[in-house]
Novice: 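Right, I'll just put the structure down here and ask away after.
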Number of protein chains: 2
Amino acid sequence: MRPREFNHDDVLRIAFDQFWRKGVRGTSLSDIARDAGVQRGSLYNAFGSKEALFLLAYERYAGDYLGAVQTALGTGTLRKRLTAFFDLTITNFRSGTPPRGCPTTRGLMELGSAQGEGLDEDARRAFADLVTRITTLVEDALSAGAKRGEFSGASGAAALHIITVTRGLAVLERAFGDEAQLRKIAAHTIDLVLGATKR
Amino acid sequence: MRPREFNHDDVLRIAFDQFWRKGVRGTSLSDIARDAGVQRGSLYNAFGSKEALFLLAYERYAGDYLGAVQTALGTGTLRKRLTAFFDLTITNFRSGTPPRGCPTTRGLMELGSAQGEGLDEDARRAFADLVTRITTLVEDALSAGAKRGEFSGASGAAALHIITVTRGLAVLERAFGDEAQLRKIAAHTIDLVLGATKR
DNA sequence: ATTAGTTTTCGACACGCTGTCAAGAAACCA
DNA sequence: TGGTTTCTTGACAGCGTGTCGAAAACTAAT
């Protein structure tokens with residue numbers, strides 16, 4: 001059989017970069033094909049559809065990001081861990097020029113109820129999955145912190161609250177683009193959650 | 001001059017309903033024209049572009065919604081006011097079948113950095129404007145509550161935190177569609193913010 | 001070395017969407 | 001009634017996704 005003339009992973013990387021910067025609906029396969037030096041038809045042949053290509057590219061990102069979260073939440077006091085987590089989150093939103101925002105949040109709001117019901121659901125699942133996994137990591141950090149007496153409260157509720165704030169930060173980032181504001185909110189949230197200990 | 005054969009406001013209402021359900025990029029002017037019983041070209045003649053039509057339709061929604069927020073935040077104890085505010089917010093996200101989500105959050109994430117730089121910026125401003133106005137209303141309620149001894153803390157920071165949570169709720173609604181979860185998070189947030197009083 | 005078979009690549013096509021434009025239609029005013 | 005103005009209509013260009021068949025390129029077998 002004839003070997004493929006392009007590298008799968010390279011294309012996924014290039015594609016996700018475009019998706020991240022311009023959104024799924026905002027990037028065309030022609031864009032990706034041009035950037036990757038590949039014919040558009042070849043992409044369809046190799047990946048099937050734009051959504052399928054996006055899903056593969058997103059999975060790669062999700063894995064990387066989850067690893068980074070795990071690292072951020074892995075050392076130091078609970079406050080340090082949470083600070084590192086928020087820092088990672090905000091830095092991720094603000095990466096790129098101009099800042100690319102949060103691909104997960106964007107995807108979640110961008111898709112939803114368009115018209116194509118089929119693959120949209122797969123994408124939603126992928127986004128929701130990453131959110132769930134990160135929530136679990138935060139919850140674990142809180143539980144461990146509770147054992148060490150750094151936090152007293154319901155880890156589950158607190159973790160969900162923190163995740164909700166990070167999603168909100170992703171939205172505010174798009175609305176105002178004010179990184180200092182985001183960091184203030186993050187610090188305030190940590191105070192609120194940890195302060196609940198010394199009620 | 002020849003009078004217009006359709007009612008401006010009717011079209012805006014019909015258009016926003018579609019935009020809300022399917023997103024700006026997900027609805028075509030053909031859809032709106034069909035629903036409104038108007039020719040597509042007439043819409044271009046009357047409004048100029050899809051984005052302009054959306055902006056007009058959104059302004060109408062924003063005004064209505066802002067009024068509802070003002071009402072919700074207007075009576076009772078501070079806790080009651082915040083509860084009513086979150087209730088309004090979540091009910092709004094979950095209205096329609098299937099639930100339509102938050103048009104502001106969706107718009108904020110959907111637009112951003114597509115390719116058309118011109119009108120996207122106007123839309124972003126409109127979205128951000130509504131968020132800012134609501135933040136101010138919440139902050140006012142908190143300040144008033146502080147005077148009455150129902151809250152002690154920085155009203156500005158707390159208001160921003162609450163708004164961030166509502167934006168996060170809009171995202172989680174899309175991710176999980178679990179209304180009970182949203183209400184739990186809202187209740188937890190109120191406890192956290194008001195609980196900070198009795199530190 | 002030649003040939004058969006398989007996979008990739010390429011180009012043309014159908015279809016939908018946005019936005020433009022010119023020509024037709026309808027109301028109003030003089 | 002005639003002219004002007006505005007709205008409506010339909011055709012068009014341009015770009016997007018996705019499909020299809022044919023050509024090209026490589027492997028493997030004879």
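Bear in mind the structure is a predicted one, so any value in this text is a computation, not a measurement. Order of the sequence lines fixes the chain letters, A, B, ..., with proteins taken first and strands second; residue numbering starts at 1 for each chain. Computation of the quantities below employed the complete heavy-atom set of this structure, encompassing side-chain atoms and omitting hydrogens, waters and symmetry-equivalent molecules.
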Novice: Round to the nearest Å and state the distance from A:N45 atom CG to C:dT7 atom P.
Specialist: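 Distance, rounded to whole Å: 10 Å.
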Novice: What's the NE2-C1' distance between A:H8 and C:dT9, to the nearest Å?
Specialist: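 Atom NE2 in A:H8 sits about 14 Å away from atom C1' in C:dT9.
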Novice: From C:dT18, C:dT9, D:dG18, pick the nucleotide closest to the side chain of A:K50?
Specialist: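 The closest nucleotide is D:dG18.
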Novice: Would you indicate what B:S42 reaches in the nucleic acid, counting non-hydrogen atoms under 4.0 angstrom: base, sugar-phosphate, or nothing?
Specialist: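 Base: the residue B:S42, judged by heavy atoms under 4.0 Å, touches a nucleobase.
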Novice: For B:R133, does the CZ atom have more than 12 heavy-atom neighbours from other residues, nucleotides or ligands under 6.0 Å away?
Specialist: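 Not more than 12 within 6.0 Å, no.
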Novice: CZ of B:F54 versus P of C:dT18: gap in Å, rounded?
Specialist: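 Distance check: B:F54 CZ to C:dT18 P gives 14 Å.
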Novice: Can you find a pair of side-chain heavy atoms, one from A:H8 and one from A:F47, that are under 4.5 Å apart?
Specialist: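 Yes, side chains in contact.
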Novice: To the nearest Å, give me how far apart OH (A:Y44) and C1' (C:dT8) are.
Specialist: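 So the OH-C1' distance, A:Y44 to C:dT8, works out to 17 Å.
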Novice: How close or far is atom P of D:dC7 from atom CG of B:N7, stated in whole angstroms?
Specialist: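 Value for this atom pair: 14 Å.
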Novice: Any side-chain donor paired with an acceptor under 3.5 Å for A:R81 and A:T75?
Specialist: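 There is no such pair between these side chains.
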Novice: Round to the nearest Å and state the distance from B:F47 atom CZ to D:dC7 atom C1'.
Specialist: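 That distance rounds to 13 Å.
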Novice: Is there a donor N/O on one and an acceptor N/O on the other, under 3.5 Å, for the side chain of A:R40 and the base of D:dG18?
Specialist: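 Looking at the base of D:dG18, it does pair with a donor or acceptor on the side chain of A:R40 (distance under 3.5 Å).
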Novice: What are the two closest non-hydrogen atoms of A:V11 and A:L53, and how far apart are they?
Specialist: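 Shortest heavy-atom contact: CG1-CD1, 4.5 Å.
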Novice: So, applying ring pair (Phe, Tyr, Trp, His ring centres under 6.0 Å) with A:Y58, which one of A:F127, A:F19, A:W20, A:Y65 is it?
Specialist: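 Testing A:Y58 for a ring pair (Phe, Tyr, Trp, His ring centres under 6.0 Å) against A:F127, A:F19, A:W20, A:Y65 leaves exactly one candidate, A:F127.
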Novice: For the side chain of A:L29, counting heavy atoms from C-beta on, which of D:dT17, C:dT18, D:dC7 is nearest?
Specialist: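 In terms of side-chain proximity for A:L29, the closest of D:dT17, C:dT18, D:dC7 is D:dT17.
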Novice: Rounded off to whole Å, could you give me the CD1-to-C1' distance for the B:I32 and C:dG19 pair?
Specialist: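 Going from B:I32 (CD1) to C:dG19 (C1'), I get 14 Å.
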Novice: Hey, does A:F6 reach any base, or is it just sugar-phosphate, or nothing, if we go heavy atoms under 4.0 Å?
Specialist: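 It contacts sugar-phosphate atoms only.
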Novice: Quick one: B:R34 CZ to C:dT18 P, roughly how many Å, whole number?
Specialist: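 My rounded result for the distance is 11 Å.
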Novice: Is there a side-chain contact between A:Q39 and the phosphate of C:dC10, meaning an N or O under 4.0 Å from OP1 or OP2?
Specialist: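 Yes, A:Q39 has a side-chain N/O under 4.0 Å of OP1/OP2 on C:dC10.
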Novice: Closest-nucleotide mapping onto DNA chain D: is A:G41 or B:V38 further toward the 5' terminus? I mean the 5' end.
Specialist: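 First, find each residue's nearest nucleotide; the 5'-ward one identifies B:V38.
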